[in-house]
A.B. asks: 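One structure coming up, written as structure tokens, with questions to follow.
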Amino acid sequence: MKKVNVLVSIILLSMGIGSCKKSEMSASKTFNVRMTDAPAVYTAVNIDIQGVEIIGNDDKTIMMNTNKKVYNLLNFTNGKDTLLATAALEAANVKQIRLILGPNNTIVVAGISYPLSTPSAEQSGLKLQVNQTLEAGITNSVTIDFDASKSIVEQGNGIYKLKPVLRTIVTATSGSIRGKIAPAGTLALVTATSASNETFTTNANILGDFLLIGIPSGTYSITITPILPLLPSTQANVVVTTGVVTNMGTVNF
């Protein structure tokens with residue numbers, strides 16, 4: 001009888017361990033997709049977001065719970081962002097994000113709204129490689145940097161084309177560079193260049209503020225290029241640390 005009880009205990013213990021492992025393996029992970037932008041020289045850049053899909057390590061395509069609407073990209077500059085979509089996932093990582101656009105894309109220039117023609121292939125899905133490992137018990141997040149300035153192609157006669165330029169930012173593996181240009185209102189392009197010649201760009205806003213986000217840790221040369229007749233200014237050896245905002249202070253012209 002004693003042997004039977006021991007055997008039953010072993011079986012129950014094994015079942016408990018197996019159940020625990022299965023529970024741990026199937027624990028869902030929260031995954032959010034956010035969106036940000038750099039300032040651009042337009043009044044508004046309105047993008048119609050209709051869906052966000054992800055592909056996990058199991059190669060399954062999952063449609064996320066998406067906040068479907070038209071977003072003005074210029075509302076999300078200099079550190080601001082917005083939540084596009086969220087999902088609870090069983091997958092261990094996310095390999096790819098697919099951004100689905102609708103037809104209601106417009107640009108506002110000098111108070112006049114123009115349609116943004118968008119190729120059907122880009123409406124059906126803009127693919128971004130992510131390869132992000134997910135952790136249970138925390139909110140996993142990736143931010144899409146939708147570069148409005150680079151994404152607009154002016155073809156003349158009031159015709160504008162949307163050719164999205166996107167990149168993904170994982171905050172846990174990158175840092176930021178903040179600064180200010182004086183006097184305020186000076187239009188300028190800000191470029192960070194790494195030792196391997198990888199570049200990251202943004203524009204200063206009308207107050208002169210700029211923020212370069214999603215910058216891998218390392219040492220950079222920062223070049224600020226205002227419109228002529230002002231000349232570019234370069235600051236070398238700007239160090240970026242993961243999870244830290246490096247403040248360059250004020251650059252005077």
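Heads up: numbering here begins at 1 and tracks the sequence. Since we're looking at a predicted model, the values are computed, not measured.
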A.B. asks: With heavy-atom distances below 4.5 Å as the criterion, would you say the side chains of Phe31 and Val142 are in contact?
C.D. replies: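 The answer is yes, as the side chains (C-beta and beyond) meet within the 4.5 Å cut-off.
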A.B. asks: Using the rule that two of Ile, Leu, Val, Met, Phe, Trp, Tyr join whenever any of their side-chain heavy atoms come within less than 4.5 Å, decide whether Met248 and Ile213 are in one cluster.
C.D. replies: no
A.B. asks: If we ignore hydrogens and angles and just use 3.5 Å, is the side chain of Ser194 paired with the main-chain N or O of Glu198 as donor and acceptor?
C.D. replies: yes
A.B. asks: Please tell me if the side chains of Ser176 and Leu211 come closer than 4.5 Å, counting only heavy atoms from C-beta onward.
C.D. replies: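 Heavy-atom side-chain distance check passes, below 4.5 Å.
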A.B. asks: For the residue pair Tyr114 and Tyr160, categorise the inter-ring angle as parallel (less than 30°), tilted (30 to 60°) or perpendicular (more than 60°).
C.D. replies: tilted
A.B. asks: Measuring from Ser141:OG to Ile169:CD1, what's the distance to the nearest 0.5 Å?
C.D. replies: 10.5 Å
A.B. asks: Specify the closest pair of heavy atoms between Pro164 and Phe146, including all atoms of both residues, with the distance to one decimal.
C.D. replies: CB-CZ, 3.8 Å
A.B. asks: Just how far is it from atom CD1 of Ile100 to atom CG of Leu126, taken to the nearest 0.5 Å?
C.D. replies: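 Between Ile100 CD1 and Leu126 CG, I get 9.5 Å after rounding to 0.5 Å.
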A.B. asks: When you compare the side chains of Thr86 and Asn32, does any donor N or O come within less than 3.5 Å of an acceptor on the partner?
C.D. replies: yes
A.B. asks: Is Ile144 linked to Ile55 within one hydrophobic cluster, defined over Ile, Leu, Val, Met, Phe, Trp and Tyr using a side-chain heavy-atom separation of less than 4.5 Å?
C.D. replies: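 Ile144 does not cluster with Ile55.
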A.B. asks: Is the backbone N or O of Ala148 less than 3.5 Å from a side-chain atom of Asp37, with the two atoms forming a donor-acceptor pair by type?
C.D. replies: yes
A.B. asks: Does Thr66 reach the main-chain N or O of Met64 with its side chain, forming a donor-acceptor pair under 3.5 Å?
C.D. replies: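 Side chain of Thr66 to backbone of Met64: a pair is present.
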A.B. asks: Taking Thr118 for the side chain and Leu116 for the main chain, is one N or O donor matched with an acceptor at less than 3.5 Å?
C.D. replies: yes
A.B. asks: Are Tyr42 and Val108 side-chain neighbours, meaning at least one heavy-atom pair lies under 4.5 Å?
C.D. replies: no
A.B. asks: Which pair of non-hydrogen atoms, one from Asn104 and one from Val70, has the smallest distance, and what is that distance?
C.D. replies: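 Closest heavy-atom pair between Asn104 and Val70: O-CG2, 3.9 Å.
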A.B. asks: Can you measure from CD1 (Ile47) to NZ (Lys69) and round to the nearest 0.5 angstrom?
C.D. replies: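 The distance works out to 14.0 Å.
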A.B. asks: Between Ser151 (side chain only) and Val165 (backbone N and O only), is there a donor and an acceptor less than 3.5 Å apart?
C.D. replies: yes
A.B. asks: Using the rule that Ile, Leu, Val, Met, Phe, Trp and Tyr join whenever any side-chain heavy atoms are under 4.5 Å apart, tell me whether Met35 and Ile215 fall into a single cluster.
C.D. replies: no
A.B. asks: Looking only at non-hydrogen atoms, find the nearest pair between Thr36 and Lys80 and report the distance.
C.D. replies: OG1-O, 2.8 Å
A.B. asks: Nearest 0.5 Å please: distance from the OG atom of Ser233 over to the CG atom of Asn252.
C.D. replies: 9.5 Å
A.B. asks: Going through the checks in order, is the side chain to side chain contact (heavy atoms under 4.5 Å, CB included) test met by Leu99 and Leu166?
C.D. replies: CA-CA 10 Å; Leu99 195 63; Leu166 312 173; 4.2 Å; yes
A.B. asks: Kindly give the heavy-atom pair with the smallest separation between Ala204 and Phe210, and that separation in Å.
C.D. replies: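 Closest approach of Ala204 to Phe210: CA-CB, 4.1 Å.
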A.B. asks: State yes or no: do Leu84 and Leu162 share one hydrophobic cluster built from I, L, V, M, F, W and Y residues joined by side-chain heavy-atom distances below 4.5 Å, directly or via other members?
C.D. replies: yes
A.B. asks: Tell me the closest heavy-atom pair linking Val52 and Val33, and the distance in Å.
C.D. replies: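 The pair with the smallest heavy-atom distance is CG1-CG2, 4.2 Å.
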A.B. asks: Quick check: closest heavy atoms across Pro232 and Pro226, and the distance to 0.1 Å?
C.D. replies: CA-CD, 3.9 Å
A.B. asks: In Å, rounded to the nearest 0.5 Å, how long is the span from OG1 of Thr193 to CD1 of Ile222?
C.D. replies: 7.5 Å
A.B. asks: Is the shortest heavy-atom distance from the side chain of Glu53 to the side chain of Ile62 under 4.5 Å?
C.D. replies: no
A.B. asks: Any side-chain heavy-atom pair from Val238 and Thr246 closer than 4.5 angstrom?
C.D. replies: yes
A.B. asks: Which is it for Asp48 and Gln50 under the side chain to side chain donor-acceptor pair (under 3.5 Å) test, yes or no, and what are the steps along the way?
C.D. replies: CA-CA 6 Å; Asp48 184 5; Gln50 287 300 305; 2.7 Å; yes
A.B. asks: Treating Thr43 as the side-chain partner and Val109 as the backbone partner, does any N or O pair qualify as donor plus acceptor under 3.5 Å?
C.D. replies: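 Flag not set: sc Thr43 to bb Val109 has no pair under 3.5 Å.
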A.B. asks: Has the side chain of Lys180 got a donor or acceptor atom that lies under 3.5 Å from a matching backbone atom of Leu207?
C.D. replies: yes
A.B. asks: Is it true that Lys95 and Asp59 have a side-chain N and a carboxylate O under 4.0 angstrom from each other?
C.D. replies: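 Salt bridge present between Lys95 and Asp59.
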A.B. asks: Report yes or no: do Asn46 and Thr106 form a side-chain donor-acceptor pair below 3.5 Å?
C.D. replies: yes
A.B. asks: Does the side chain to side chain contact (heavy atoms under 4.5 Å, CB included) test come out yes or no for Ile152 and Glu154, once each step is laid out?
C.D. replies: CA-CA 6 Å; Ile152 307 300; Glu154 185 175 357; 5.6 Å; no
A.B. asks: Decide if atom CG of Asn237 counts as having more than 12 heavy atoms of other residues, nucleotides or ligands within a radius under 6.0 Å.
C.D. replies: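 No - once you tally the heavy atoms of other residues, nucleotides and ligands closer than 6.0 Å, there are 12 at most.
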A.B. asks: Are the side chain of Asn140 and the backbone N or O of Glu135 linked by a donor-acceptor pair below 3.5 Å?
C.D. replies: yes
A.B. asks: Evaluate the side-chain proximity of Ile49 to Asn67: yes if any heavy-atom separation is below 4.5 Å, no if none is.
C.D. replies: no
A.B. asks: Do Gln96 and Val94 make a side-chain contact, defined as non-hydrogen atoms from C-beta onward lying under 4.5 Å apart?
C.D. replies: no
A.B. asks: Is the backbone N or O of Gly175 less than 3.5 Å from a side-chain atom of Thr242, with the two atoms forming a donor-acceptor pair by type?
C.D. replies: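 Not at all, since once roles are kept as given, no pair shorter than 3.5 Å links the two residues.
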A.B. asks: Consider side-chain contact (heavy atoms from CB on, under 4.5 Å). Of Ile227, Thr225, Asn203, Ile206, which one does Leu187 pass it with?
C.D. replies: Ile227
A.B. asks: When rounded to the nearest 0.5 angstrom, what is the spacing between CG in Asp58 and CG in Asn93?
C.D. replies: 8.5 Å
A.B. asks: Going by atom types alone, do Thr234 and Thr223 pair a side-chain donor with an acceptor below 3.5 Å?
C.D. replies: yes
A.B. asks: Do Asp145 and Thr168 touch side chain to side chain, with heavy atoms closer than 4.5 Å?
C.D. replies: no
A.B. asks: In terms of hydrophobic clustering (I, L, V, M, F, W, Y; side-chain heavy atoms under 4.5 Å; direct or indirect links), are Leu128 and Phe200 co-clustered?
C.D. replies: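 Different clusters.
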A.B. asks: Got a donor-acceptor contact below 3.5 angstrom from the Asn157 side chain to the Ile159 backbone?
C.D. replies: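 Checked: no pair found.
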